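Working notes, structure below.
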Amino acid sequence: MDDRVMDQEQFAIVTIQGICFRNQYYSCREALKERWYEKAMIKGWMITISKYNVHEDKLILRASQNKPDIICSRINDVEVNTKNREAYFTQMQQLKRMPRRKRRRKDRNKL
């Protein structure tokens with residue numbers, strides 16, 4: 001295993017596309033669970049890298065106090081249409097704001 005420990009503190013940037021490090025994108029369960037990518041729509045942020053594995057496409061993020069480090073996997077290179085993604089997130093936000101009863105009625109009308 002070719003894990004490279006960072007000699008100097010290095011950072012990745014959390015973006016809407018994923019966790020960006022050296023022009024590659026990574027993702028992890030914590031990012032999805034904690035909705036990092038949705039939050040990055042408003043403003044991205046930097047996160048500290050502990051080490052990375054070149055051959056296995058792994059990136060290890062330094063977690064906050066008393067938590068284990070976070071293991072991220074590289075995302076395959078996929079072109080995502082920015083306009084479609086923005087439209088999707090806009091529609092999701094609109095649905096979340098609707099009262100539950102109104103959402104159900106709207107979904108039935110589509111059928």
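Because the structure is predicted, anything quoted here is derived from the model rather than measured. The first residue of the sequence shown is numbered 1, and numbering continues consecutively from there.
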With rounding to the nearest 0.5 angstrom, report the [atom1] to [atom2] distance, [X] to [Y].
X	Y	atom1	atom2	result
D57	Q24	CG	CD	7.5 Å
Q10	S50	CD	OG	11.5 Å
K67	E30	NZ	CD	8.5 Å
D69	K51	CG	NZ	7.5 Å
I16	M41	CD1	CE	4.5 Å

Is the shortest side-chain heavy-atom distance between [X] and [Y] below 4.5 Å?
X	Y	answer
W45	W36	yes
I60	C72	no
L59	R74	no
L61	F21	no
Y26	K58	no
S27	L32	yes

Exercise for review: Say whether, by atom type as modelled, one donor and one acceptor occur between the side chain of K39 and the main chain of E34 under 3.5 angstrom.
Suggested key: yes
Check your understanding: What is the minimum heavy-atom distance between I13 and M46, and which atoms define it?
Key -> CG1-CG, 4.2 Å
Exercise for review: Show your working on side-chain contact (heavy atoms from CB on, under 4.5 Å) between I19 and C28 and close with a plain yes or no.
Suggested key: CA-CA 9 Å; I19 301 162; C28 60; 4.2 Å; yes
Point to revise | Under 3.5 Å side-chain donor-acceptor pair for T15 and Y25 | key: no
